[in-house]
Amino acid sequence: MTPEQIMKELAKRHDDLPVDALNAALEQPDAVAPLFEAEIDRLIGQFEEILENAKSDRQYASLCKKLLRKPSALFYGFLLAAEWRRTEAYPRYASLLQWSWAGEPNLLSETVFSDVGPRVMAEIYDGNPVPLFNLLLDHTAHDSIRFWQFRTLIILVIKGELDMPTLKAFLVRAFDELEQEPEQHVWRGWEEVIIYFGLEDLIPLVERAHNVQRILEGTIEEFRANYAYARAHPDEPIENDPVVPFKGLQEELNWAFANRASLD
């Protein structure tokens, strides 16, 4: 298959994994990867144009849904980028994830509403945390996507690609810049990083966040219990929920395809 034929095949509905197209892509990373990145740029450009020209929220939503009426090859491109450790894709996917439509069934689907998303983003990380920080602080991005992306920070620290002073400085900044309304899912991701690494000096910020009910479905007593558990279990600080790097294309792809939301 040519790179263009691969992209066309991966942008179809499939009852089974498109193995031939995926194998062809794996054989031609230098030719295929730039096509995925061009597709991200094209899609973001169209989102921006719709946002600029839509005359109402209803029209904006309608036009975005129309744009995503067909499957995107980026569902596979997201995972392939991790397999290739394609750092050129990192800032692009960070930008794409800032659009609330990124998790639509015809786009990245459940990969961004699970720990697959942070595993991919950590694998393609280019050493610059700013695109990831911008995503995490973007109030217009989907809060569940942002919740999961806080785990990217954890993986990067584990891999030695993000230093602890930079992480802590960002968490302090995020305390002021995340949503200030009560019961926000994204705050749980923020809190989870503090628990995972036992950041004792940030506990007063967690207490303040709980005092004003920033954190969804959580209490300060639960935080303290989770914090104590993490300190007692340094090999797996989050109970029954290990944070691990990218597992390899085949395993990640099998899960992603099996859990892909229904394509309308």
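Side-chain N/O atoms of Q250 and N254 include a donor and acceptor closer than 3.5 Å. Counted by atom type alone, H185 and S144 present one or more donor-acceptor pairs between their side chains at under 3.5 Å. E191 and H210 share a side-chain donor-acceptor pair at under 3.5 Å.
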- [ ] Could you check S114 against W255 for side-chain contact (heavy atoms from CB on, under 4.5 Å), going step by step and ending with a plain yes or no?
- [x] CA-CA 11 Å; S114 70; W255 183 92; 3.6 Å; yes
- [ ] Before giving the answer on salt bridge (Lys or Arg N to Asp or Glu O under 4.0 Å), spell out for R42 and E37 the whole-Å C-alpha distance, their side-chain angles and the decisive distance to 0.1 Å.
- [x] CA-CA 9 Å; R42 183 194 69 82; E37 289 147 21; over 6 Å; no
TODO: Could you check L132 against L156 for side-chain contact (heavy atoms from CB on, under 4.5 Å), going step by step and ending with a plain yes or no?
DONE: CA-CA 11 Å; L132 178 60; L156 290 175; 4.1 Å; yes
Open item on the list: Between Y76 and I6, does the side-chain contact (heavy atoms from CB on, under 4.5 Å) criterion hold? Intermediate values first, please.
Closed with: CA-CA 11 Å; Y76 300 102; I6 292 169; over 6 Å; no
Task: side-chain contact (heavy atoms from CB on, under 4.5 Å) between L26 and W84, intermediate numbers included - done: CA-CA 8 Å; L26 288 169; W84 294 327; 3.8 Å; yes
- [ ] May I have the step-by-step check of side-chain hydrogen bond (donor to acceptor under 3.5 Å, both in side chains) for Q98 and D138, ending in yes or no?
- [x] CA-CA 7 Å; Q98 288 181 258; D138 187 348; 2.8 Å; yes
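The heavy-atom pair separating F246 from L79 by the smallest distance is CZ-O, 3.9 Å. Shown here for P129 and G127, the closest heavy-atom pair between the two residues is CD-O, 3.5 Å. The two residues Y93 and G77 make their nearest non-hydrogen contact at OH-C, 3.2 Å. For the residue pair A21 and M1, the shortest heavy atom distance occurs at CA-SD, 3.9 Å. The two residues R119 and P245 make their nearest non-hydrogen contact at CD-O, 3.0 Å. Between K8 and K12, the shortest heavy-atom contact is O-CG, 3.5 Å.
Aromatic pair H142/F113: centroids less than 6.0 angstrom apart.
For the pair R260/E110, no side-chain contact is recorded, criterion being any heavy-atom separation below 4.5 Å from C-beta on. Within the 4.5 Å cutoff, the side chain of N211 has no heavy atoms near those of the I220 side chain. Put simply, the side chain of L22 reaches to within 4.5 Å of the side chain of L80, judged on heavy atoms. Here the side chains of N106 and R13 are in contact, with some heavy-atom distance below 4.5 Å. Contact check for R146 versus H139: side-chain heavy atoms found under the 4.5 Å cut-off. Inter-residue side-chain proximity for L137 and F170 is flagged as met; some heavy-atom pair is nearer than 4.5 Å. Residues L63 and Q59 meet the side-chain proximity criterion, which asks for heavy atoms closer than 4.5 Å. Looking only at side-chain heavy atoms (C-beta outward), P91 and D126 come within less than 4.5 Å of each other.
Paired with F197 under the rule side-chain contact (heavy atoms from CB on, under 4.5 Å), one option of L153, L202, L171, V157 passes, and it is V157.
The line from CD1 of I44 to CG of L96 is 5.0 Å long, rounded to the nearest 0.5 Å. Distance check, rounded to the nearest 0.5 Å: CD of Q149 to CD1 of I155 gives 8.5 Å. The distance from atom OG of S95 to atom CD of E48, rounded to the nearest 0.5 Å, is 8.5 Å. The OG1 atom of T111 sits 10.5 Å away from the CG atom of N259 when rounded to the nearest 0.5 Å. For the atom pair OH of Y227 and CG of L199, the computed distance is 7.0 Å after rounding to the nearest 0.5 Å. Distance check, rounded to the nearest 0.5 Å: CG of L97 to CZ of R92 gives 14.0 Å.
A cation-pi arrangement is not found for R58 relative to Y60, the charged atom failing to lie both closer than 6.0 Å to the ring centre and inside a 45° cone about the ring normal. Taking the centre and axis of the six-membered ring of F175, the NZ or CZ atom of R208 falls outside the cone set by 45° and 6.0 Å.
Panel note: side chain E52, backbone E49; no donor-acceptor pair is recorded below 3.5 Å. Remark: side-chain polar atoms of E9 are not paired, donor with acceptor, to backbone N or O of A73 under 3.5 angstrom. Put simply, the side chain of R86 never gets that close to the backbone of E123: no donor and acceptor are under 3.5 Å apart.
Criterion: ILVMFWY side-chain heavy atoms under 4.5 Å apart, direct or through other members. Under it, F150 and L216 are not part of a common hydrophobic cluster. W148 and L136 are members of different hydrophobic clusters when ILVMFWY side chains are connected at heavy-atom separations under 4.5 Å. One hydrophobic cluster holds both V19 and F257 under the rule that ILVMFWY side chains link at heavy-atom gaps under 4.5 Å. Tracing side-chain contacts under 4.5 Å through hydrophobic residues (I, L, V, M, F, W, Y), one reaches L135 starting from L167; they form part of the same cluster. Residues V244 and I154 do not share a hydrophobic cluster, defined by chaining ILVMFWY side chains whose heavy atoms lie under 4.5 Å apart.
More than 12 non-hydrogen atoms from other residues, nucleotides or ligands lie less than 6.0 angstrom from CZ of R231. Annotation: K159, atom NZ; neighbour count of heavy atoms from other residues, nucleotides and ligands within 6.0 Å is above 12.
Looking at residues two or more places apart in sequence or on another chain, you find no salt bridge (charged side-chain N to carboxylate O under 4.0 Å, His left out) involving E104. Y196 pairs by the ring-ring contact (aromatic ring centres under 6.0 Å, His included) definition with nothing, not counting sequence neighbours.
Taking the six-membered ring where tryptophan is involved, the planes of W187 and W190 are perpendicular, since the angle between them exceeds 60° and thus also 30°. Note: Y90 and Y125 have perpendicular aromatic rings, judged against thresholds of 30 and 60 degrees for the angle between ring planes.
Using a 4.0 Å cut-off between charged nitrogen and carboxylate oxygen, R214 and E179 do not count as a salt-bridge pair.
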